[in-house]
Amino acid sequence: MSIELRHLRCFLAIAEESSLTRAAARLHLTQPAVSRTLAALEQHLGIRLVDRSTHHLALTSEGLAFRDRAAAALAAFDAAVDPAGLRRRPLRLGHAWSAFGPYTTPLLRRWQREHPGTPLELLRVDDRTAGLARGEVDAALLRGAVEAPGLVTEELATEPRVAALPSDHPLAARSRLALGDLAGETVVLNTVSGTTTLALWPAARPAATLTVANTDDWLTAIAAGRGVGVSSASTAALHPYPGVAYRPLPDAPPLPVVLAWRDAFPHPATEALAALAREIVAETRGPGGGTEPGAPRA
């Protein structure tokens with residue numbers, strides 16, 4: 001048999017709904033039809049994509065990997081046959097939080113002036129690659145190590161890290177902090193799109209952790225006094241929040257800011273975007289404001 005787009009759309013509906021019944025309703029199909037389509041796809045690939053051994057449908061490890069590939073393939077197809085995109089295809093630039101930090105506005109303004117024929121759309125997507133691995137964007141501004149396969153990354157700058165605390169926390173009275181000062185605290189971790197993990201503390205680690213799924217929930221938890229957090233300096237500049245105080249963490253390693261794009265079939269304007277980003281960083285970086293831009297690496 002040959003795989004068709006309907007097989008991919010059916011699988012992605014199952015993956016997103018975590019239910020054959022809900023996927024069938026979403027696709028306006030019967031549940032047996034959805035089951036047959038999934039079975040045919042698995043038979044063609046020779047792997048099990050969905051674990052049916054429990055009461056709750058879940059993707060296998062192979063299913064999780066295939067989900068990202070299927071989403072990217074469908075996004076590429078939909079973009080290719082979109083009449084509006086054929087006339088004026090935008091460059092979709094994803095970010096999980098804080099975009100390009102202090103360089104965001106210069107980048108958007110310069111791009112609009114120098115590349116008026118290619119709109120630059122800045123999109124926030126709450127996952128580790130800001131939608132890049134799933135094909136939702138053409139390029140992404142990311143922080144920290146990027147380990148997703150099939151991506152090319154270029155380090156543009158680095159940012160110092162800061163601690164985020166409830167504004168009435170005793171540590172907020174200090175002008176700066178060390179990682180060790182947070183060892184006795186509950187640390188709020190954004191496990192979906194954040195970069196902070198317990199590995200940041202090489203010795204004494206925090207007493208407990210609280211996990212959230214995005215920057216908004218991270219800020220809310222800290223303001224509510226449920227814990228403290230660590231992020232980049234751009235978070236402090238671009239995300240002021242009532243009840244949250246930011247303090248420098250000089251002993252924490254700086255956080256790389258990278259531009260990433262897919263190795264296969266990149267947007268035609270990707271190289272121009274990378275060049276402009278490098279130029280803006282070089283022109284506007286102050287003393288201690290970051291590293292020299294790096295070379296692309298696969």
Side-chain angles (χ1 to χ4, degrees), residues 94-108 122-128 130 140-145 156-258 284-291:
H95 71 104
W97 86 95
S98 298
F100 201 16
Y103 311 117
T104 304
T105 298
L107 177 68
L108 296 176
L122 188 64
L123 305 172
R124 174 177 161 180
V125 182
D126 288 312
D127 72 28
R128 185 64 193 91
L141 291 162
L142 307 173
R143 286 167 174 79
L156 299 171
T158 60
E159 293 178 344
R161 300 196 199 224
V162 297
L165 312 101
S167 56
D168 59 353
H169 194 288
L171 291 175
R174 303 186 190 180
S175 61
R176 60 181 57 202
L177 298 171
L179 285 171
D181 294 327
L182 307 179
E185 305 291 331
T186 294
V187 172
V188 184
L189 302 176
N190 175 357
T191 57
V192 175
S193 58
T195 58
T196 301
T197 68
L198 290 180
L200 185 63
W201 285 264
R205 293 190 172 184
T209 60
L210 172 67
T211 59
V212 296
N214 55 60
T215 302
D216 299 323
D217 291 347
W218 181 81
L219 289 166
T220 299
I222 294 171
R226 301 183 65 191
V228 303
V230 175
S231 190
S232 69
S234 286
T235 305
L238 301 179
H239 294 279
Y241 196 87
V244 174
Y246 295 101
R247 296 293 180 266
L249 276 174
D251 68 332
L255 196 58
V257 180
V258 305
T284 62
R285 186 180 60 243
T291 61

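Start at 1 with the first residue, then count along the sequence. None of the values given here were measured: they were computed from a predicted structure.
- The nearest pair of heavy atoms linking L165 to V228 is CD2-CG1, 4.1 Å.
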Q: Assess whether side-chain contact (heavy atoms from CB on, under 4.5 Å) is satisfied between T195 and R128, documenting all intermediate values.
A: CA-CA 8 Å; T195 58; R128 185 64 193 91; 3.9 Å; yes

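- Between L182 and A163, the shortest heavy-atom distance links the atoms CD1-CB, 4.3 Å.
- Atom OG1 of T158 and atom CZ of R143 lie 11.0 Å apart (nearest 0.5 Å).
- Minimum heavy-atom separation, S167 to A245: CA-CB, 4.0 Å.
- Between the OG1 atom in T186 and the CG atom in L210 there is a gap of 7.5 Å [rounded to 0.5 Å].
- Atom CD of residue E185 and atom CZ of residue R226 lie 15.0 Å apart, to the nearest 0.5 angstrom.
- In this structure, D217 CG and L219 CG are separated by 9.0 Å, a value rounded to the nearest 0.5 Å.
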Q | Derivation of the side-chain contact (heavy atoms from CB on, under 4.5 Å) call for Y246 and T235 | A | CA-CA 9 Å; Y246 295 101; T235 305; 3.8 Å; yes

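- A salt bridge does not link R247 to D181: none of the charged side-chain nitrogens sits closer than 4.0 Å to a carboxylate oxygen.
- Between the OG atom of S232 and the CG atom of L249 there is a distance of 11.5 Å, given to the nearest 0.5 Å.
- When all heavy atoms of R161 and P253 are compared, the closest pair comes out as NE-O, 2.6 Å.
- Contact of the W201 side chain with the V187 side chain is registered, since non-hydrogen atoms from C-beta on lie closer than 4.5 Å.
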Q.
Could you walk me through whether N190 and T215 satisfy the side-chain contact (heavy atoms from CB on, under 4.5 Å) test, starting with their C-alpha distance in whole Å, then the side-chain angles of each, then the deciding distance to 0.1 Å, before giving a yes or no?
A. CA-CA 7 Å; N190 175 357; T215 302; 4.1 Å; yes

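- L107 is not listed as a side-chain neighbour of L122, based on a closest heavy-atom distance of 4.5 Å or more.
- Closest approach of V230 to T196, counting heavy atoms only: O-OG1, 2.8 Å.
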Q | Test side chain to side chain donor-acceptor pair (under 3.5 Å) applied to S193 and W97, step by step | A | CA-CA 8 Å; S193 58; W97 86 95; over 6 Å; no

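- With hydrogens and angles ignored, the 3.5 Å screen pairs no side-chain donor or acceptor of W218 with any backbone N or O of V212.
- Between S98 and L238, the closest heavy-atom pair is O-CD1, 3.3 Å.
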Q: Please report the C-alpha distance between V192 and N214 in whole Å, then the side-chain angles of each, then the deciding distance to 0.1 Å, and finally whether the side-chain contact (heavy atoms from CB on, under 4.5 Å) criterion is met.
A: CA-CA 7 Å; V192 175; N214 55 60; over 6 Å; no

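- In this structure a side-chain-to-backbone donor-acceptor pair under 3.5 Å is missing from D126 to A213.
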